[in-house]
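Throughout, protein chains are lettered first and strands after them, A, B, ... in sequence-line order, and every chain is numbered starting at 1. Predicted, not measured: the structure shown is a model, and the values here were computed from it.
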2 protein chains.
Amino acid sequence: MYNILVCDDDKAILDSVEIYLQNEGYNVYRASNGIEALKVAESTELHCIILDIMMPGMDGLTVTSKLRQNKNIPIILLSAKSEDTDKIAGLSFGADDYVTKPFNPLELVARVKSQIRRYTSLGSMETKESVLKSGGLELDTEAKTVTVDGEPVKVTATEYKILEYLMENMGHVLSTNQIYEAVWHEEAFATEKTVTVHIRRIREKIEINPKEPKYIKVVWGIGYKIDKES
Amino acid sequence: MYNILVCDDDKAILDSVEIYLQNEGYNVYRASNGIEALKVAESTELHCIILDIMMPGMDGLTVTSKLRQNKNIPIILLSAKSEDTDKIAGLSFGADDYVTKPFNPLELVARVKSQIRRYTSLGSMETKESVLKSGGLELDTEAKTVTVDGEPVKVTATEYKILEYLMENMGHVLSTNQIYEAVWHEEAFATEKTVTVHIRRIREKIEINPKEPKYIKVVWGIGYKIDKES
DNA sequence: CTGATTTGTAATCATTCTGTAAGAAACCCG
DNA sequence: CGGGTTTCTTACAGAATGATTACAAATCAG
């Protein structure tokens, strides 16, 4: 879960950006001026900062250079002007990317993603286990493949994501809502059935006898789980 | 502690890059022209060199080839966007990577890190794999040629880069966005189709039957991959 | 400068995937 | 056992994705 700070004096923008970022599974912090932004940045471990340039009090460029004194966090600037002068100033102050208002929220999200990928790729690369196992069931998170007793099984993208989520939380029972929100990054509303059907389809593929599931077990009234060493 | 030499005639770039690298714990040496760079390289044990191509006096490409006469250190070139052809030239002169200006400092740092990791993990072994293979598909990364079952295949520059990227990450599934960013060094925004078409053209050339691809396989909803030992 | 090649984009086609609904079956509790 | 709830199963329409083709702009070679 990545933490992102959005700082703008326009509440409408703050709201809109927050929603888009949350839909992608990010944790959003808000600030409406430079001072607030710096405070949040000091007290929280952030992974990306989105700053408006034009703000009352301390402007975005000043915030940027203050942050750069001790942090390498990706900073994306927002500005109403599409003038090149601001752009150059922003980047030379230490910003990493630049979006001009009015902007397409999806583009902003894309840039956030890309910045975070680069930033985190600096740190401990690939310490995550790339193969998840439970009995004869194996899941290669890099090749995105699933094998049962050595036999490759073809699963679809969503099926894979559900399986991965269950495997990452092996031994824990997960409700259909939890699964839905983890996989779709959306509020789960009247969608319990959807997950159920996907589970069914996964079972069809990985279980010898879907009636007596060996891997994906149901816990009545609560949800599903995959045991360790099943 | 790794030593990195940054060489550029633009002091602003030098300053900015220095700060980013120092924040990551690197020891930074500076040079503002080719001659200086070579001097530093002779007298210091460096682990990575960042070179601007456009410099007064000796240009980056010349420096690269001079360095390559007796050193295997990773070299990353900086080039202005307009000098696109320089990229290919740069790599054939012996550079290991390139970044186009204006660049994202975090991206540069990421590339430095990746180069150093590769360099040191090889233990300065000269046996850098220059031929990538998967079944009958072979890719000579030095001659920049592709052969299928021994038969040479003519591919264009972008096609080659896509293939190389897929081959370097053999077994991993790569999304069209990942491919786009790796090959074009640009933000991937609304460009999914472009990669798709290139993949199609590559298949036309290397697959016996493009309908049933033997090498470049699609993973629905995720991306493309080339398997090991196909 | 001209013609050939390469490259990006858009439009269309084919296939695969996904959510929903509806009924059946399994489970829990009194 | 029986009612109420939860999960399973099936089928299907349309949504999403990748493949394919065509074309114009950009680039390159001679």
Describe the nucleic acid contact of [X] in one word from base, sugar-phosphate, nothing, applying a heavy-atom distance below 4.0 Å.
{"X": "T156(B)", "answer": "sugar-phosphate"}
{"X": "T196(A)", "answer": "base"}
{"X": "Y180(B)", "answer": "nothing"}
{"X": "T158(B)", "answer": "sugar-phosphate"}

To the nearest angstrom, how far is [X] atom [atom1] from [N] atom [atom2]?
{"X": "R201(B)", "N": "dG18(D)", "atom1": "CZ", "atom2": "C1'", "answer": "15 Å"}
{"X": "I202(B)", "N": "dA19(D)", "atom1": "CD1", "atom2": "C1'", "answer": "14 Å"}
{"X": "R203(B)", "N": "dT21(D)", "atom1": "CZ", "atom2": "C1'", "answer": "16 Å"}
{"X": "E186(B)", "N": "dT7(C)", "atom1": "CD", "atom2": "P", "answer": "14 Å"}
{"X": "E212(B)", "N": "dT16(C)", "atom1": "CD", "atom2": "P", "answer": "11 Å"}
{"X": "H198(A)", "N": "dT18(C)", "atom1": "NE2", "atom2": "P", "answer": "6 Å"}
{"X": "E204(B)", "N": "dA19(D)", "atom1": "CD", "atom2": "P", "answer": "13 Å"}
{"X": "E192(A)", "N": "dG19(C)", "atom1": "CD", "atom2": "C1'", "answer": "13 Å"}

* Asked: For A157(A) and E159(B), take the nucleotide of DNA chain C holding the closest heavy atom to each; which residue's nucleotide lies nearer the 5' end?
  ->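 In this pair, the answer is E159(B).
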
* **First of A190(A) and K154(A) reached from the 5' end of DNA chain C, by closest nucleotide** =>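 Counting from the 5' end, the first nearest nucleotide belongs to K154(A).
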
Of the options [options], whose atoms approach the side-chain atoms of [X] most closely?
{"X": "R200(B)", "options": "dC8(D), dC17(C), dA19(D)", "value": "dA19(D)"}
{"X": "Y224(B)", "options": "dT5(C), dT7(C), dG18(D)", "value": "dG18(D)"}
{"X": "K211(B)", "options": "dT20(D), dT7(C), dT6(D)", "value": "dT20(D)"}

N/O donor-acceptor pair under 3.5 Å between [X] side chain and [Y] backbone:
{"X": "R68(B)", "Y": "K71(B)", "answer": "yes"}
{"X": "S134(A)", "Y": "K228(A)", "answer": "no"}
{"X": "S175(A)", "Y": "Q178(A)", "answer": "yes"}

* To do: Please check if the distance between the ring centroids of H47(A) and Y26(A) is under 6.0 Å.
  =>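 Centroid distance H47(A)-Y26(A): not below 6.0 Å, so no.
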
* G223(B) vs V197(B), nearer the 5' end of DNA chain D by closest nucleotide ->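 Residue closer to the 5' terminus by nearest nucleotide: G223(B).
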
* Check whether any side-chain heavy atom of Q115(B) sits under 4.5 Å from a side-chain heavy atom of I76(B), and report yes or no. =>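 Side chain of Q115(B) against side chain of I76(B), heavy atoms only: contact under 4.5 Å found.
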
* Within less than 4.0 Å of OP1 or OP2 of dG8(C), is there a side-chain N or O belonging to W184(B)? ->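 W184(B) to dG8(C) OP1/OP2: side-chain N or O found under 4.0 Å.
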
* Asked: Are any of W220(A)'s side-chain N or O atoms less than 4.0 Å away from OP1 or OP2 of dT5(D)?
  ->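 For W220(A), the contact criterion (side-chain N or O under 4.0 Å from OP1 or OP2 of dT5(D)) is not met.
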
